[in-house]
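Worksheet for the structure shown next.
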Amino acid sequence: MTKKADLETLRHSASHIMAQAVVELFPGVKLGIGPSIENGFYYDFDMPEQITSEDLPKIEKKMKEIIKSNAKFEKIEMTKEEAAQFLEEREEKYKIEILHEIPDKMVTFYKHGDFIDLCRGPHVRYTKEIKAFKLLSIAGAYWHGIETNPMMQRIYGTAWASKEDLDNYLTSLEEAKKRDHRKLGKELDLFSMHEEAGAGFVYYHPKGAMVRYLIEDFMRQENLKRGYEMVAIPHIAKIDLWNTSGHTNYYRENMYFMQIDEQDYVVKPMNCPGHILIYKRKLMSYRDLPVRMFEFGTVYRYEKSGVLHGLLRVRGFTQDDAHIFCRLDQLEEEIVSVLEFIDFVMKTFKFEYEVNLSTRPEKFAGTEENWDKATEILKKALKHKKMPFEIDPGAGVFYGPKIDIKLKDALGRTWQGPTVQVDFNLPQRFALNYTAADGTKQTPVMVHRAVLGSLERFLGALIEHYAGAFPLWLAPVQAKVLPISDRHNNYAEKVAAELRQAGIRVEVDQRKEKIGAKIRDAQLEKIPYMLIVGDNEADAGQVAVRHRSEGDLGAEKTAELLAKLRRDIDSKA
RNA sequence: GCCGCUGUAGCUCAACGGUAGAGCAACUGAUUUGUAAUCAGUAGGUUGGAGGUUCAAAUCCUCUCGGCGGCUCCA
């Protein structure tokens with residue numbers, strides 16, 4: 001028996017029971033859809049009155065009554081005509097719409113107690129089998145997810161096979177809440193957003209900026225090691241550039257426009273056209289390829305106000321962006337080495353990941369033939385790297401297919417991360433070329449790739465992944481020296497200076513507080529090492545080492561500690 | 001953008017038509033302290049902004065700017 005399918009059945013049945021409860025409590029409700037989803041279920045209702053979270057306990061109570069009544073789930077078959085008539089009588093207009101979309105002649109309804117709903121099933125046999133559920137939230141949702149359709153009221157719930165599973169899930173929700181990067185970002189003084197400066201724009205505080213700098217520095221080194229060259233480009237360019245690239249056609253709704261000297265300019269939403277101009281500065285030979293350009297490129301994209309979310313969805317962000325210009329015969333190898341790079345970086349940050357291959361969308365540039373060719377090469381590269389992947393049909397960008405990688409964090413949640421995109425289109429639009437061995441002009445292929453994606457989003461994911469307790473190499477403050485009393489301040493400064501000299505990021509807590517308070521505050525700041533110094537340490541030239549998670553580690557010479565820190569930092573443990 | 005909720009001191013929250021309050025943080029003083037909060041005092045707010053209703057608005061209404069949960073979209 002497959003446990004997953006059982007849970008889906010259970011959750012779907014729970015959604016039916018919720019629908020019954022809602023119908024009974026709120027007359028005049030029209031039913032939308034009520035599927036099971038990851039970890040739970042929802043049901044969409046079109047109803048005359050607005051429900052609030054205060055109604056949830058009432059609905060839950062009604063559901064419990066229904067469950068207790070232990071009604072049997074019965075399957076009822078009807079022809080489409082019978083079903084249509086049945087639904088017409090009940091004026092279930094959304095259900096009628098669904099009915100019309102079903103190709104089969106016969107359709108099924110499921111009935112329990114007085115409640116009957118058009119449904120494919122399957123369901124549990126009796127309502128009593130729903131042993132552990134909880135309603136979680138209410139939200140608006142367009143019918144069929146289309147903006148011009150009516151807004152339904154959606155109720156989300158969760159259901160599990162046992163009370164224990166439910167409690168575990170609720171606990172993990174709590175844990176996720178504690179790790180929320182917006183909360184930790186404030187508590188750890190990493191970044192902020194400002195109403196007066198605009199939504200979706202991030203201000204990095206010294207500590208947040210330090211983490212970002214450390215990530216950038218690491219990535220800079222790794223890119224250089226792999227044959228990328230650094231470039232830098234302006235943030236605005238005349239609209240002509242974006243007409244040539246096609247962005248004014250395909251990406252218009254995400255772009256910011258401005259005027260300078262009566263000329264139209266665009267704030268860059270992508271870095272590729274800039275890198276292309278650099279490619280075009282001189283004649284390229286086949287011997288020059290591949291050309292790999294890398295930069296931390298800041299881009300600005302208009303996003304609907306309702307979708308902005310902490311660091312994960314913003315209007316201005318910086319990508320660790322690179323463009324590889326190569327010959328077609330070099331493409332697969334380049335993709336393979338990018339995949340290798342990605343794997344290395346993800347391991348460094350201790351992320352697991354999943355791979356998706358996104359194919360041609362409806363709105364696309366270039367020829368179908370080129371799209372197919374590119375998609376094949378991506379597939380081959382993935383197979384070569386033995387990376388399991390799933391195909392996401394129609395999810396490619398307008399200029400080419402892409403490999404998207406989803407990170408899995410410490411709680412098993414997924415985050416959009418690295419992306420690799422093949423592009424036959426831009427090289428043509430910009431008439432890029434190189435001189436082949438036979439002297440003819442050939443068009444290069446372009447690969448867009450970002451390993452971290454956006455630094456903002458990646459930092460958000462990292463904060464939640466580590467719950468704010470950055471590993472030593474990324475910690476904005478790696479050690480804090482805590483003098484027992486203020487007569488130890490001098491020695492504390494001496495220790496700090498010695499560590500700082502060796503490149504350790506260290507602070508001294510000279511406040512007139514008891515050692516317990518200093519430790520508590522350092523713990524809350526999630527600083528990896530607390531170095532306590534009093535008479536004993538000052539006399540012996542030592543520090544009493546306390547680690548944020550391992551506790552008291554005893555006293556040792558500053559030089560010994562330093563060597564240990566160095567080792568951990570270098571290995572990025 | 002749309003639906004719902006929400007915005008009070010640096011932070012976390014209270015006051016729910018009748019003169020805006022607490023804890024923490026900050027500042028001052030005392031304490032000189034050994035592994036997660038020493039004590040006392042001081043200062044701090046045109047209640048996000050603009051209009052309106054009312055004798056009276058943090059509280060009710062309208063608009064606006066943010067935030068939160070979704071829809072949709074994406075790095």
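Just so you know, these numbers use all the heavy atoms, side chains as well, and skip hydrogens, waters and symmetry mates. Just so it is clear: chains get the letters A, B, ... in the order the sequence lines come, proteins before strands, and each one is counted from 1.
- Counting heavy atoms from C-beta outward, A:Ile527 and A:Arg548 have side chains that stay 4.5 Å or more apart.
- Aromatic ring pairs are classed by plane angle as parallel below 30°, tilted from 30° to 60° and perpendicular above 60°; the pair A:His194 and A:Tyr203 is perpendicular.
- Where A:Leu308 and A:Ile146 meet RNA chain B, the nucleotide closest to each residue was compared, and A:Leu308 sits on the side nearer the 5' end.
- Across the protein-nucleic acid pair, A:Leu312 atom CG and B:G67 atom P stand 13 Å apart, rounded to whole Å.
- Set against B:G69, B:G34, B:U38, the side chain of A:Arg182 has B:G69 as its closest nucleotide.
- For the C1' atoms, the distance linking B:A25 with B:G41 amounts to 16 Å, nearest Å.
- Minimum atom distance to the side chain of A:Tyr142 is reached by B:C2, of the listed B:C2, B:A75, B:G69.
- B:G17 and B:C61 are spaced 12 Å apart, taking the P atom of each and rounding to whole Å.
- The residue A:Gly140 sits close to a base: some heavy atom pair falls under 4.0 Å.
- Among the nucleotides B:U35, B:C71, B:C74, the one closest to any side-chain atom of A:Arg457 is B:C74.
- Between A:Phe41 and A:His12, the ring center distance fails the sub-6.0 Å criterion.
- B:U59 sits 13 Å from B:A20 when the P atoms are compared, rounded to a whole Å.
- What separates CG of A:Asn149 from P of B:G1 is a distance of 20 Å, to the nearest Å.
- When rounded to the nearest whole Å, the span between CZ of A:Arg548 and P of B:A36 equals 17 Å.
- Using a 4.0 Å heavy-atom cutoff across all strands shown, A:Lys518 reaches no nucleic acid atom at all.
- The aromatic rings of A:His247 and A:Tyr251 stand perpendicular to each other, their planes meeting at an angle above 60°, with 30° marking the opposite boundary.
- Counting atom types as modelled, A:Glu537 pairs a side-chain N or O with a base atom of B:G34 as donor and acceptor under 3.5 Å.
- Nucleotides B:G10 and B:G48, compared at atom C1', are 16 Å apart to the nearest Å.
- Looking at the side chain of A:Ala199, the nearest of the listed nucleotides B:C71, B:G66, B:U35 is B:G66.
- Distance check on atom P: B:U31 versus B:C39 gives 16 Å, rounded to whole Å.
- Separating the NZ atom of A:Lys480 from the P atom of B:G34 is a distance of 20 Å, rounded to the nearest angstrom.
- With B:G1, B:G34, B:U12 as the choices, the nucleotide that has an atom nearest any side-chain atom of A:Ser305 turns out to be B:G1.
- As judged by a 4.0 angstrom heavy-atom cut-off over every strand, A:Ala139 is placed among the base-contacting residues.
- Within the nucleic acid shown, A:Glu513 comes within 4.0 Å of at least one base atom, counting heavy atoms only.
- Looking at A:Tyr302, its side chain has no donor and acceptor atom pair within 3.5 Å of the base of B:G1.
- Contact annotation for A:Asn254: no contact, since no heavy-atom pair falls under 4.0 Å across all strands.
- In this structure, the separation between CZ on A:Phe133 and CG on A:Leu166 is 9.5 Å, given to the nearest 0.5 Å.
- Both tests pass for A:Arg449 against the ring of A:Tyr228: distance under 6.0 Å to the centre and angle within 45° of the axis.
- Taking the ring centroids of A:His465 and A:Phe349, they lie at or beyond the 6.0 Å cut-off.
- Across all strands, A:Val314 comes closer than 4.0 Å to base atoms (heavy-atom distances).
- Counting any heavy atom pair closer than 4.0 Å across all strands shown, A:Gly417 reaches sugar-phosphate atoms only and no base atom.
- Taking only side-chain nitrogens and oxygens, A:Arg315 never comes nearer than 4.0 Å to OP1 or OP2 of B:A75.
- With distances taken from any side-chain atom of A:Leu524 to the nucleotides B:A75, B:A36, B:C71, the minimum falls on B:A36.
- Taking every side-chain heavy atom of A:Met151 into account, B:G70 is the closest of B:U35, B:G70, B:U33.
- Nucleotides of RNA chain B nearest to A:Gln421 and A:Ile532 differ in position, and the one nearer the 5' end is that of A:Ile532.
- The cationic atom of A:Arg212 (NZ for Lys, CZ for Arg) does not lie both less than 6.0 Å from the six-membered ring centre of A:Phe191 and within 45° of the ring axis.
- Distance check on atom P: B:C11 versus B:G1 gives 25 Å, rounded to whole Å.
- For B:A75, the base has a donor-acceptor partner in the side chain of A:Glu303 [N/O atoms by modelled type, under 3.5 angstrom].
- Within the 4.0 angstrom heavy-atom criterion, base atoms lie near A:Arg301.
- The distance from atom CG of A:Leu56 to atom P of B:C5 is 13 Å, rounded to the nearest whole Å.
- In this structure, the separation between CD on A:Glu513 and CD1 on A:Ile519 is 12.5 Å, given to the nearest 0.5 Å.
- Contact annotation for A:Tyr156: backbone-only contact, meaning every heavy-atom pair under 4.0 Å involves sugar-phosphate atoms and none involves a base.
- One P atom belongs to B:A40, the other to B:U19, and the distance between them is 29 Å to the nearest Å.
- Contact annotation for A:Asn536: base contact, defined as any heavy-atom pair under 4.0 Å involving a base atom.
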Wobble G-U and Watson-Crick pairs count when both distances are under 3.5 Å; given that, what is the 5' to 3' dot-bracket string of RNA chain B, with | for pairing to other strands?
(((((((..((((....[..)))).(((((.......))))).....(((((..]....))))))))))))....
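- As rounded to the nearest Å, B:U28 and B:G44 have P atoms that lie 16 Å from one another.
- Between the NZ atom of A:Lys186 and the P atom of B:U12 there is a distance of 4 Å, given to the nearest Å.
- Proximity of the aromatic rings of A:Tyr399 and A:His448 is defined here by a centroid distance below 6.0 angstrom, and this criterion is met.
- Atom CG in A:Asn489 sits roughly 13 Å away from atom P in B:U33 (whole-Å rounding).
- Distances were taken from every side-chain heavy atom of A:Thr419 (C-beta onward) to each of B:U32, B:A75, B:A36; the shortest belongs to B:A75.
- The CD atom of A:Glu195 sits 10 Å away from the P atom of B:C65 (whole-angstrom rounding).
- A:Leu561 is listed as a side-chain neighbour of A:Leu531, based on a closest heavy-atom distance under 4.5 Å.
- Among the protein residues, A:His309 comes within range of the sugar-phosphate backbone only, with heavy atoms under 4.0 Å from sugar or phosphate atoms but none that close to a base.
- Among the nucleotides B:U35, B:G1, B:A37, the one closest to any side-chain atom of A:Ile519 is B:U35.
- Within 4.0 Å of A:Gly516, counting heavy atoms only, lie sugar-phosphate atoms of the nucleic acid but no base atom.
- Contact annotation for A:Gln523: base contact, defined as any heavy-atom pair under 4.0 Å involving a base atom.
- In this structure, A:Ala544 reaches the bases: a heavy-atom distance under 4.0 Å links it to at least one base atom across the strands shown.
- Side-chain contact between A:Met255 and A:Arg301 is absent, with no heavy-atom pair separated by less than 4.5 Å.
- When the nucleotides B:U72, B:G69, B:U33 are ranked by their closest atom to the side chain of A:Lys512, B:U33 comes out on top.
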